[in-house]
Visitor: 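Just passing along the structure, written as structure tokens.
Everything numeric in this text was worked out from a predicted model, so none of it was measured. In this chain, numbering begins with 1 at the start of the sequence shown.
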Amino acid sequence: MANSKKSLKNSAFLNRKAKSETETFTHPLSLQLNAFLVKNLRTTDSKPTLLLALSGGLDSIVLLHLLAEVRVSLPFELHAMHVHHGLSNNADTWAEFCSAQCQQLHVPLQIVHVNVAQNPDYKNSEQGIEAEARQLRYNALFAYTVEDKVPDFVVTAHHQDDQAETLLLQLFRGAGVKGLSSMAAVDTVRRLLRPLLNVSRQTLHEYAVLHHIKWCDDESNDNTQYDRNFVRHEVMPVLESRFKSIKTVLARTASHMAEASELLEALAAKDAENMLLENSFCLQELSELSAARAKNVLRWWFAQNGLAMPAAEHLNEIVEQLFNSRKDADLNIKLQHLYLRKYQQRAYLCEDKTAEPFDMVWDGEAELTLPSGGKLLFKPVVGAGLALKQGVTKLRITNRNGGERFKPDALRPTRTLKYLLQELNMPPWQRMYIPLIYWEDKLACVPGVGVAYGLQAQANEPGLEIIWQDSAY
């Protein structure tokens with residue numbers, strides 16, 4: 001029944017047009033944007049919310065006017081955000097201009113001020129400032145909410161020229177297939193829409209002139225110290241003088257690279273099926289792949305954990321250390337916010353955490369958040385877990401001090417907890433954070449190891465299952 005309702009909702013979205021497209025829209029750009037939105041918003045709510053990244057430049061202002069026009073025919077809510085970087089003396093003027101444009105078109109606008117180049121690493125780097133500004137801009141866009149809900153999509157005005165320039169920049173930096181695929185028109189993971197990727201800047205300019213649309217010109221766009229501006233003003237004109245359709249061709253190449261990247265990701269996911277367990281890789285199975293496929297799987301794994309791709313030389317070094325370091329080697333490679341580690345022929349991605357002492361009390365909660373960032377989940381069960389018949393109401397939860405002894409199995413002698421954790425092949429860094437559950441000063445439960453003998457719920461008896469979710473992975 002739910003599927004039927006969803007189908008009806010999608011059909012309603014596609015058919016809610018008071019007039020035919022040919023009657024409502026007269027310009028090809030309007031028709032194209034309408035078709036793009038009909039195709040890509042069909043799986044959202046009956047009236048999705050779009051947030052436009054509005055700089056005030058030609059591209060985003062034209063897209064603002066196009067969206068405001070198409071909004072009359074298609075049911076979506078349009079909002080805009082202008083990020084004030086403060087890098088230009090004209091920044092206040094641009095913000096005022098965007099505000100006036102949105103007011104005229106009845107589009108809610110939020111102006112967000114950010115501070116760029118506070119990091120010392122960026123102060124003397126034009127590329128660094130550009131990258132920092134872009135990151136802050138996206139952070140603001142993705143943090144935007146409407147009545148405590150994030151928009152269905154953030155919409156940007158990237159166009160065909162941007163796509164061609166991005167491909168060249170990535171090529172000059174030695175990027176792989178994923179990097180050369182440049183930008184996607186639809187990025188569902190990041191909730192991004194780029195409806196103008198197959199539209200040239202010249203076409204946008206002609207549309208603006210035809211409809212008497214004004215825009216702001218950013219003087220920094222003429223500064224060829226920026227790599228993108230150098231490509232735009234110095235490299236691209238030379239290429240166009242020889243290859244007239246170079247921008248279209250480069251954008252098409254980026255599309256081909258995107259398809260190839262999808263195939264490589266699908267292959268990596270397939271290869272990882274049998275070797276990935278709780279976000280750790282079996283190195284024995286990884287070594288049985290060809291070098292190219294092994295590196296493809298690692299790149300996929302890093303991306304799944306929000307890591308930027310390492311340079312080719314760095315990736316080769318990582319593969320070398322994973323496969324050829326001693327079995328007992330303490331491998332610890334920093335990769336942005338995570339560390340790549342190795343234990344018992346498995347590779348792990350871990351956070352760098354400090355094991356601080358803690359002492360907590362459980363008093364019936366469904367879950368507790370630990371100082372390490374992990375969680376303890378408490379689930380009532382029958383015939384398993386910690387026996388509730390013991391009168392368990394409060395439990396003491398603390399970290400290891402060392403020397404603890406534990407007996408979860410009636411048929412085996414009491415062992416040190418260190419021995420039991422080693423027997424389970426638990427990585428050393430994870431053992432540091434494992435929480436211990438005490439009842440009346442007795443070690444009653446060690447998550448993942450078991451419940452102390454004599455405190456275990458028997459058949460048909462109520463019990464408490466305690467699950468540890470570590471944030472180290």
Side-chain angles (χ1 to χ4, degrees), residues 276-280 330 332 338-339 341-344 346 348-473:
L276 183 62
L277 176 64
E278 294 183 347
N279 206 26
S280 72
D330 184 18
N332 194 2
L338 297 177
Y339 285 80
R341 308 195 69 165
K342 175 181 175 182
Y343 178 71
Q344 298 287 8
R346 296 196 72 86
Y348 298 80
L349 285 173
C350 314
E351 295 177 0
D352 182 29
K353 300 186 299 185
T354 302
E356 298 180 358
F358 67 90
D359 208 312
M360 306 173 68
V361 174
W362 174 79
D363 195 16
E365 298 91 340
E367 69 176 52
L368 284 178
T369 299
L370 303 175
S372 64
K375 289 183 179 181
L376 276 178
L377 307 181
F378 299 86
K379 181 181 177 183
V381 293
V382 175
L386 181 61
L388 293 177
K389 69 177 182 179
Q390 303 289 344
V392 172
T393 54
K394 291 187 177 182
L395 297 170
R396 176 171 167 256
I397 302 165
T398 186
N399 55 314
R400 290 180 63 197
N401 288 322
E404 297 90 354
R405 298 178 67 81
F406 193 51
K407 180 181 174 66
D409 190 339
L411 301 180
R412 300 184 65 185
T414 301
R415 302 281 192 178
T416 64
L417 184 56
K418 178 180 179 180
Y419 176 89
L420 294 173
L421 294 176
Q422 288 177 336
E423 192 176 45
L424 290 172
N425 289 327
M426 181 178 288
W429 58 88
Q430 192 180 15
R431 300 175 207 158
M432 297 168 58
Y433 311 110
I434 189 168
L436 307 183
I437 292 92
Y438 286 84
W439 178 65
E440 295 185 349
D441 295 327
K442 180 176 181 179
L443 182 54
C445 177
V446 180
V449 178
V451 175
Y453 175 67
L455 296 180
Q456 300 162 353
Q458 303 302 309
N460 301 320
E461 290 182 346
L464 185 68
E465 184 179 10
I466 305 176
I467 303 169
W468 177 40
Q469 292 183 345
D470 185 23
S471 67
Y473 294 124

Visitor: Who passes side chain to side chain contact (heavy atoms under 4.5 Å, CB included) against E404, sequence neighbours left out?
Guide: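 With neighbours one apart ignored, the set is R400, N401, L417, L436, Y438, L443.
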
Visitor: Just by distance, do the side chain of T398 and the backbone of F358 share a donor-acceptor pair under 3.5 Å?
Guide: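 Indeed, once roles are kept as given, a pair shorter than 3.5 Å links the two residues.
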
Visitor: With sequence neighbours excluded, tell me which residues meet side chain to side chain contact (heavy atoms under 4.5 Å, CB included) with V381.
Guide: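 Applying side chain to side chain contact (heavy atoms under 4.5 Å, CB included) to V381 gives K379, A384, E465.
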
Visitor: Tell me the closest heavy-atom pair linking P380 and L464, and the distance in Å.
Guide: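 Smallest heavy-atom distance, with atoms named: N-CD1, 4.3 Å.
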
Visitor: With salt bridge (Lys or Arg N to Asp or Glu O under 4.0 Å) as the rule and sequence neighbours excluded, what pairs involving residues 441-454 come up?
Guide: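 Those involving residues 441-454 do not exist here.
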
Visitor: Checking R341 now: which residues fulfil side-chain hydrogen bond (donor to acceptor under 3.5 Å, both in side chains) with it, not counting sequence neighbours?
Guide: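 Residues passing side-chain hydrogen bond (donor to acceptor under 3.5 Å, both in side chains) with R341: D330.
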
Visitor: Testing the basics here: between P435 and P447, what is the closest heavy-atom pair and its distance to 0.1 Å?
Guide: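 Smallest interatomic distance, heavy atoms only, reads O-CD, 3.2 Å.
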
Visitor: Partners of W362 by ring pair (Phe, Tyr, Trp, His ring centres under 6.0 Å), sequence neighbours excluded?
Guide: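 Expected list: F378.
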
Visitor: Please step through side-chain contact (heavy atoms from CB on, under 4.5 Å) for the pair Q430 and W468, ending with a clear verdict.
Guide: CA-CA 11 Å; Q430 192 180 15; W468 177 40; 3.6 Å; yes

Visitor: Holding to side-chain hydrogen bond (donor to acceptor under 3.5 Å, both in side chains), I want the full list of residues that pass it with R396, two or more places apart in sequence or in another chain.
Guide: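 Scan of R396 (side-chain hydrogen bond (donor to acceptor under 3.5 Å, both in side chains), adjacent residues dropped) gives D359.
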
Visitor: Which residue pairs pass the salt bridge (Lys or Arg N to Asp or Glu O under 4.0 Å) test with at least one member in residues 419-440, sequence neighbours excluded?
Guide: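 Found R412-E423.
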
Visitor: Would you please test L420 and V446 for side-chain contact (heavy atoms from CB on, under 4.5 Å) and show each step?
Guide: CA-CA 10 Å; L420 294 173; V446 180; over 6 Å; no

Visitor: What residues form a side-chain hydrogen bond (donor to acceptor under 3.5 Å, both in side chains) with R346, not counting sequence neighbours?
Guide: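 R346 satisfies side-chain hydrogen bond (donor to acceptor under 3.5 Å, both in side chains) with S280 once adjacent residues are dropped.
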
Visitor: Go through the structure and list residues passing side chain to side chain contact (heavy atoms under 4.5 Å, CB included) with P462, not counting sequence neighbours.
Guide: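 With neighbours one apart ignored, the set is L388.
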
Visitor: Of the non-hydrogen atoms in M360 and T369, which two are nearest, and what is the gap between them?
Guide: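 Closest approach of M360 to T369: CE-O, 3.5 Å.
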
Visitor: Looking only at non-hydrogen atoms, find the nearest pair between P428 and Y343 and report the distance.
Guide: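 What the structure gives for the nearest pair is CD-CD1, 3.6 Å.
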
Visitor: Could you give all pairs that pass the salt bridge (Lys or Arg N to Asp or Glu O under 4.0 Å) test and reach residues 451-460, with sequence neighbours left out?
Guide: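 As it turns out, there is no salt bridge (Lys or Arg N to Asp or Glu O under 4.0 Å) pair with a partner in residues 451-460 once direct neighbours are skipped.
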
Visitor: Just verifying a value: how many Å separate I437 CD1 and I466 CD1, rounded to the nearest 0.5 Å?
Guide: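 Reported value, rounded in 0.5 Å steps: 4.5 Å.
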
Visitor: Looking only at the aromatic ring of each residue, does the gap between the centers of Y339 and W429 stay below 6.0 angstrom?
Guide: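 No, they do not, as the ring centres are separated by 6.0 Å or more.
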
Visitor: For E365, what residues pass the side-chain hydrogen bond (donor to acceptor under 3.5 Å, both in side chains) criterion, not counting sequence neighbours?
Guide: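 side-chain hydrogen bond (donor to acceptor under 3.5 Å, both in side chains) check on E365 returns nothing, list empty.
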
Visitor: Give the minimum heavy-atom separation between G448 and L424, together with the two atoms involved.
Guide: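 Closest approach of G448 to L424: O-CD1, 3.6 Å.
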
Visitor: Calculate, to the nearest 0.5 Å, the distance between atoms CG and OH belonging to N279 and Y348 respectively.
Guide: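 So the gap between those two atoms works out to 10.5 Å.
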
Visitor: I need the I397 CD1 to L376 CG distance, nearest 0.5 Å.
Guide: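 So the CD1 of I397 and the CG of L376 are separated by 5.0 Å.
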
Visitor: Could you list all the side-chain hydrogen bond (donor to acceptor under 3.5 Å, both in side chains) pairs where at least one residue sits in residues 451-463, not counting sequence neighbours?
Guide: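 Sorted pair list: K389-E461.
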
Visitor: How close do G463 and A457 get, heavy atom to heavy atom, and via which atoms?
Guide: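 Taking every non-hydrogen atom into account, CA-CB, 3.9 Å.
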
Visitor: Does atom NZ (K407) have a neighbourhood of more than 12 heavy atoms from anything else shown, all under 6.0 Å?
Guide: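 Yes.
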
